[in-house]
Asks: 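First, the structure itself, so that you have it in front of you.
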Amino acid sequence: MEFQIPRFSYDTELQLEKGNSEYQISQKMLNVSSQIKSDILNRLGEDIYQYKAYPEDAHFCIVAEALVKRHPCLKEPGSFNGCYGWKQRLKYKMGNYRTQLKLQGCPELSVNSLKSKATTDAFPAKKVKRPKRAEANFYPSFPVGETLESLEKERLKLLSEVGIRNNERVIADKMARRFAIRRQEVVNQEPSIKVFQDRWPALFQQNEINAEFQRLMTVSLEPKFMAQLDVYTSQLMRVVCAKGGATHQKTADIMAAFDQNENIHLWRECVLKTLIVYLGEDPDDLIKEYLVSNMHVGTSCQRDTETFSDTRFLCCNNHNS
DNA sequence: ACATTGCGAGCATTTACCAC
DNA sequence: GTGGTAAATGCTCGCAATGT
């Protein structure tokens with residue numbers, strides 16, 4: 001992975017260009033004025049923030065390495081990799097930049113200020129709220145013109161929309177508009193699924209689970225999951241089959257039931273079930289299986305035209321996460 | 001405006017211990 | 001010896017305050 005170094009201000013670029021050509025001739029490092037340093041750190045800090053508010057050490061390394069690669073005159077001959085100093089500066093810069101943004105009311109940062117934390121959690125490194133892996137829209141701001149009160153009012157209205165027939169479109173629109181308040185609720189209060197289900201029943205419909213995942217991760221949940229499952233099927237089966245004892249017998253039974261079938265849905269179900277058995281869990285706890293006679297019409301992977309089962313993932317109601 | 005420090009949380013790794 | 005778990009340890013992290 002390589003970080004794209006942005007263009008700096010005109011005068012910085014001029015000096016860097018000059019420094020680079022001198023470096024090529026004499027390997028001489030550019031004497032970096034505080035103005036240039038400031039410009040470089042500012043631009044890089046902003047660009048890093050586009051990816052992450054809380055980058056890891058390795059991320060700073062990647063950026064620092066890209067910087068000295070792009071501008072060799074910034075190389076630090078004293079350090080083991082030529083850019084350790086830049087990595088440290090970027091770390092400081094990012095910390096100070098977060099403070100700055102927080103003071104300007106950036107929600108995803110002010111949520112971690114000591115004042116915003118509960119008194120029992122008022123320590124800098126305690127319960128820092130930051131995106132989990134691949135969460136792109138972890139703590140969005142409210143839509144322009146909306147407040148906590150207005151969105152809460154809308155949430156209550158949404159409750160009455162859920163029971164109405166053929167109302168998916170309306171619900172989808174409203175759920176999308178209330179994404180920010182829902183996220184803040186999840187992050188701030190960490191509610192149990194039961195509580196959250198009571199407050200946001202529409203979210204637990206299949207299409208809304210997919211939509212929410214798309215909003216949060218910018219990835220299509222089901223297609224992506226199924227595609228990856230297909231990619232790893234043979235490897236997974238090898239691992240599962242290698243296990244002995246009672247698990248072997250159970251997984252062999254599941255395999256036998258589907259062995260003759262070419263329906264891709266059944267295959268996927270089979271793989272997931274054997275995997276769950278392999279991990280020592282009960283497949284019935286996660287997967288509900290049912291026969292449907294008229295589903296997936298027109299999907300490319302349908303092979304069996306009579307009856308086929310589909311595997312649906314259901315959120316367990318009584319688990320906290 | 002950048003750099004440093006202090007503090008305690010929390011994660012990962014190592015070590016110690018126990019039951020089988 | 002193996003597998004599992006608990007305790008100990010070392011290290012990194014982030015905010016806030018402070019230094020330069």
Side-chain angles (χ1 to χ4, degrees), chain A residues 5-6 8-13 15-16 19 29-68 71 73-135 138-139 184 186-190 239-240 242-248 250 277-281 320-321:
Chain A
I5 297 297
F8 302 114
S9 70
Y10 182 60
D11 58 317
T12 305
E13 286 289 341
Q15 294 191 57
L16 286 174
M29 207 186 143
L30 178 70
N31 189 11
V32 186
S33 69
S34 62
Q35 195 196 344
I36 295 186
K37 191 159 77 178
S38 191
D39 183 34
I40 291 173
L41 291 172
N42 274 330
R43 278 308 313 273
L44 289 179
E46 268 178 48
D47 276 30
I48 292 171
Y49 186 76
Q50 298 305 312
Y51 293 92
K52 272 170 188 268
Y54 294 93
E56 289 158 29
D57 190 80
H59 297 129
F60 289 117
C61 277
I62 289 169
V63 178
E65 279 166 13
L67 178 68
V68 298
H71 299 294
C73 63
L74 296 176
K75 232 178 212 172
E76 295 160 329
S79 90
F80 68 97
N81 58 355
C83 61
Y84 184 77
W86 283 109
K87 191 196 89 173
Q88 290 300 346
R89 277 180 215 111
L90 284 168
K91 265 192 184 179
Y92 300 141
K93 178 66 205 179
M94 220 47 206
N96 289 328
Y97 188 44
R98 277 197 296 269
T99 308
Q100 214 176 309
L101 289 175
K102 185 187 64 202
L103 291 173
Q104 279 153 29
C106 178
E108 72 168 326
L109 298 172
S110 49
V111 74
N112 286 326
S113 71
L114 295 184
K115 278 180 191 162
S116 310
K117 289 182 177 179
T119 44
T120 48
D121 300 329
F123 302 99
K126 189 168 187 181
K127 286 204 174 170
V128 176
K129 297 176 192 300
R130 68 185 109 187
K132 305 274 190 305
R133 187 186 165 90
E135 284 180 354
F138 153 76
Y139 202 81
Q184 298 202 5
V186 169
V187 175
N188 293 344
Q189 297 160 26
E190 300 174 352
V239 173
V240 169
K243 184 116 169 178
T247 308
H248 182 79
K250 272 191 210 165
V277 170
Y278 177 82
L279 295 170
E281 309 261 334
N320 279 334
S321 63

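Within every chain, numbering begins at 1; the chains are lettered A, B, ... in the order of the sequence lines, protein sequences first and strands thereafter. All values below come from the heavy atoms of this structure, side chains included, with hydrogens, waters and symmetry mates left out. Everything quoted here is computed from the prediction, not taken from an experiment.
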Asks: Tell me whether A:Lys93 contacts the main-chain N or O of A:Leu41 through its side chain, where contact means a donor paired with an acceptor under 3.5 Å.
Replies: no

Asks: For DNA chain C, what residues of residues 107-115 of chain A have any heavy atom nearer than 4.0 Å?
Replies: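 Residues of residues 107-115 of chain A under 4.0 Å from DNA chain C: A:Asn112, A:Ser113, A:Leu114.
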
Asks: Atom CG of A:Leu90 and atom P of B:dA1: how far apart are they, to the nearest Å?
Replies: 18 Å

Asks: A:Lys127 side chain: which of C:dG14, B:dC2, B:dG10 is closest?
Replies: B:dG10

Asks: Kindly assign one of parallel, tilted or perpendicular to the pair A:Phe8 and A:His71, based on the angle between their ring planes and the thresholds 30° and 60°.
Replies: tilted

Asks: If I take atom CD in residue A:Gln100 and atom P in nucleotide C:dA17, what distance separates them, rounded to the nearest angstrom?
Replies: 17 Å

Asks: Examine B:dG8: is either OP1 or OP2 under 4.0 Å from a nitrogen or oxygen in the side chain of A:Lys126? Give yes or no.
Replies: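 Looking at the OP1 and OP2 atoms of B:dG8, neither is under 4.0 Å from any side-chain N or O of A:Lys126.
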
Asks: Which nucleotide in the list B:dC2, C:dC15, C:dA16 gets nearest to the side chain of A:Lys102?
Replies: C:dA16

Asks: Taking A:Ser116 for the side chain and A:Asn112 for the main chain, is one N or O donor matched with an acceptor at less than 3.5 Å?
Replies: no

Asks: Minimum heavy-atom separation for A:Leu16 and A:Cys73, please, with both atom names.
Replies: O-SG, 3.8 Å

Asks: Quick one: A:Phe123 CZ to B:dG10 P, roughly how many Å, whole number?
Replies: 10 Å

Asks: Please state how far atom OH in A:Tyr97 lies from atom C1' in C:dA16, giving the value in whole angstrom units.
Replies: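 Atom OH in A:Tyr97 sits about 20 Å away from atom C1' in C:dA16.
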
Asks: Looking only at side-chain N and O atoms, does A:Lys37 come under 4.0 Å of OP1 or OP2 in B:dA3?
Replies: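 Yes, within the criterion.
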
Asks: Please tell me if the side chains of A:Ile36 and A:Asp11 come closer than 4.5 Å, counting only heavy atoms from C-beta onward.
Replies: no

Asks: Please state whether the phosphate of C:dG14, meaning OP1 or OP2, lies under 4.0 angstrom from any side-chain nitrogen or oxygen of A:Arg130.
Replies: yes

Asks: Below 4.0 angstrom from OP1 or OP2 of B:dA1, is there any side-chain N or O of A:Ser34?
Replies: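 Answer is no, no contact under 4.0 Å.
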
Asks: Which is true for A:Lys129 with a 4.0 Å heavy-atom rule: it touches a base, it touches only sugar-phosphate, or it touches nothing?
Replies: nothing

Asks: Rounded to whole angstrom units, what separation is found between the CE atom of A:Met94 and the C1' atom of B:dC2?
Replies: 15 Å

Asks: Categorize A:Asp57 for me: base, sugar-phosphate, or nothing, with a 4.0 angstrom heavy-atom threshold over every strand shown.
Replies: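 If one applies the 4.0 Å heavy-atom cut-off, A:Asp57 turns out to touch the sugar-phosphate alone, with no base involved.
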
Asks: May I ask you to decide if A:Gly95's main-chain N or O and A:Thr99's side chain share a donor-acceptor pair within less than 3.5 Å?
Replies: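 Looks like yes, one N/O pair under 3.5 Å.
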
Asks: Check the distance between C:dC15's P and A:Asp121's CG and give it to me in whole angstrom.
Replies: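 Distance, rounded to whole Å: 14 Å.
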
Asks: Rounded to whole angstroms, how far apart are CD1 on A:Ile40 and C1' on B:dC2?
Replies: 14 Å

Asks: May I ask you to test the A:Ile48-A:Tyr97 pair for a side-chain heavy-atom distance under 4.5 Å?
Replies: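 A side-chain contact under 4.5 Å is absent here.
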
Asks: Atom OH of A:Tyr92 to atom P of C:dT18: distance rounded to whole Å?
Replies: 19 Å

